[in-house]
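The structure appears below as structure tokens.
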Amino acid sequence: MLKKNIKIIGALTALNILISLNVGYKSTYASSAKSTTSISGTTIMNKNHKHHDYKSRLDKLANDNVINKKQEDAVLNLIKSDEFHQSMKKNHKCSKNKLNALVENRTITKTQESYIKQAFLASKKSGKNFKISFNNELDTLVNKKIINKNQKTAVQNLFDSCKKERISNLNVLFKRKFDVLVNNGTITQKQEEAIIRGLLNSKYNS
């Protein structure tokens with residue numbers, strides 16, 4: 001009888017330990033999930049404030065006493081990433097469509113288009129001045145006899161026209177956004193012009 005009671009007590013103890021471990025695991029898992037969600041939320045929020053090198057451009061204006069820190073923050077808060085993504089998408093479509101047009105009118109072949117796209121991506125990823133980097137990449141293609149000089153010129157003209165279109169679109173977007181700050185007295189008209197000029201001189205628009 002005593003042995004039977006000991007076995008029952010032992011079984012109950014083991015069951016309690018398992019229940020305790022299960023509850024502990026659920027609690028830890030829930031805490032971990034909550035922490036992950038929080039980190040993801042923070043990451044998403046931080047991504048909304050990554051505007052190429054716009055922040056560094058505004059920092060320079062603040063350091064040069066063109067604007068103050070409060071005005072810089074007000075400008076950054078108006079720059080929403082989704083709007084700029086849309087602007088970049090439009091520019092990507094511009095380049096893609098015009099490259100396709102060069103293939104259709106037989107200025108370049110489909111194979112050459114692929115090499116040019118690779119050169120474009122390499123230039124973007126380099127983190128350097130895009131125009132200089134892309135020119136060097138195209139020169140490499142010319143030297144390897146993948147494209148000729150006339151084709152290089154046609155491609156550069158294509159991207160130059162897309163660049164002008166992008167800057168024009170960004171200028172309109174910046175003006176529309178920052179007019180709000182001018183109208184509510186946060187910045188002056190002169191400061192708005194300096195801000196837009198500084199942002200459009202970004203290396204990504206070079």
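Considering every non-hydrogen atom in both S95 and L158, the closest pair reads O-CD2, 4.0 Å. Minimum interatomic distance between A194 and V66 (heavy atoms only, all atoms of both residues): CB-CG1, 3.8 Å. Here the closest heavy-atom approach between residue L61 and residue I195 is recorded as CD1-CA, 3.7 Å. The two residues N105 and L102 make their nearest non-hydrogen contact at OD1-O, 2.8 Å. Across all non-hydrogen atoms, the minimal contact from Q191 to I187 is OE1-CA, 3.3 Å. When all heavy atoms of Q71 and I67 are compared, the pair lying nearest together is OE1-CA, 3.3 Å.
Under a hydrophobic clustering in which Ile, Leu, Val, Met, Phe, Trp and Tyr are joined whenever their side-chain heavy atoms come within less than 4.5 Å, directly or via other members, L78 and V172 fall into different clusters. Under the 4.5 Å side-chain heavy-atom criterion for grouping Ile, Leu, Val, Met, Phe, Trp and Tyr, L76 is connected to L200 within one hydrophobic cluster.
Side-chain atoms of T186 never come within 3.5 Å of backbone atoms of V182 as a donor-acceptor pair (strictly under, hydrogens ignored). Using a distance-only test at 3.5 Å, with no hydrogens or angles considered, a donor-acceptor pair links the side chain of S123 to the main chain of A119. Of the possible polar contacts, none joining the N171 side chain to the I167 backbone as a donor-acceptor pair under 3.5 Å is found.
Here the side chains of K117 and L121 are not in contact, with every heavy-atom distance at 4.5 Å or above. Looking at heavy atoms from C-beta onward, V103 lies out of side-chain contact with T109 at the 4.5 angstrom threshold. Side-chain contact check for L99 versus I108: some heavy-atom pair is nearer than 4.5 Å.
Qualifying ring pair (Phe, Tyr, Trp, His ring centres under 6.0 Å) partners for Y115, counting only residues two or more places apart in sequence or in other chains: none. In terms of the salt bridge (charged side-chain N to carboxylate O under 4.0 Å, His left out) criterion, residue partners of K110 (sequence neighbours excluded) are, by chain and number, E113. Qualifying salt bridge (charged side-chain N to carboxylate O under 4.0 Å, His left out) partners for K60, counting only residues two or more places apart in sequence or in other chains: D64. Scored by the salt bridge (charged side-chain N to carboxylate O under 4.0 Å, His left out) test, K69 finds D73 as partners (sequence neighbours excluded).
Residue S126 holds its OG atom at 9.5 Å from NZ of K124, rounded to the nearest 0.5 Å. Expressed to the nearest 0.5 Å, how far CD of E104 lies from CG of N97 amounts to 9.0 Å. Atom CG of residue L173 and atom CZ of residue F178 lie 7.5 Å apart, to the nearest 0.5 angstrom. Interatomic distance, CG of N136 versus CG of N129, reported as 10.0 Å (0.5 Å rounding).
Within the structure, the ring-ring contact (aromatic ring centres under 6.0 Å, His included) test picks out the following pairs touching residues 134-166 (sequence neighbours left out): F120-F159, F130-F134, F134-F159. Pairs engaging residues 150-162 under the side chain to side chain donor-acceptor pair (under 3.5 Å) rule: K98-S161, Q112-Q151, N135-K152, N135-Q156, D139-K152 [sequence neighbours left out].
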request  = Let me see the working for V142 and L138 under side-chain contact (heavy atoms from CB on, under 4.5 Å), right down to the final yes or no.
outcome  = CA-CA 6 Å; V142 172; L138 291 178; 5.5 Å; no
request  = Tell me, with the steps shown, if E192 and T188 meet side-chain contact (heavy atoms from CB on, under 4.5 Å).
outcome  = CA-CA 6 Å; E192 180 187 36; T188 66; over 6 Å; no
message = What verdict does the side-chain contact (heavy atoms from CB on, under 4.5 Å) test give for K177 and I79, after you've listed the backbone C-alpha separation in whole Å, the side-chain angles of each residue and the deciding distance to 0.1 Å?
response = CA-CA 8 Å; K177 282 292 185 182; I79 301 176; over 6 Å; no
request  = Begin with the C-alpha distance, continue with both residues' side-chain angles, and end with the deciding distance and a verdict on side-chain contact (heavy atoms from CB on, under 4.5 Å) for L58 and L199.
outcome  = CA-CA 8 Å; L58 291 172; L199 293 178; 4.1 Å; yes
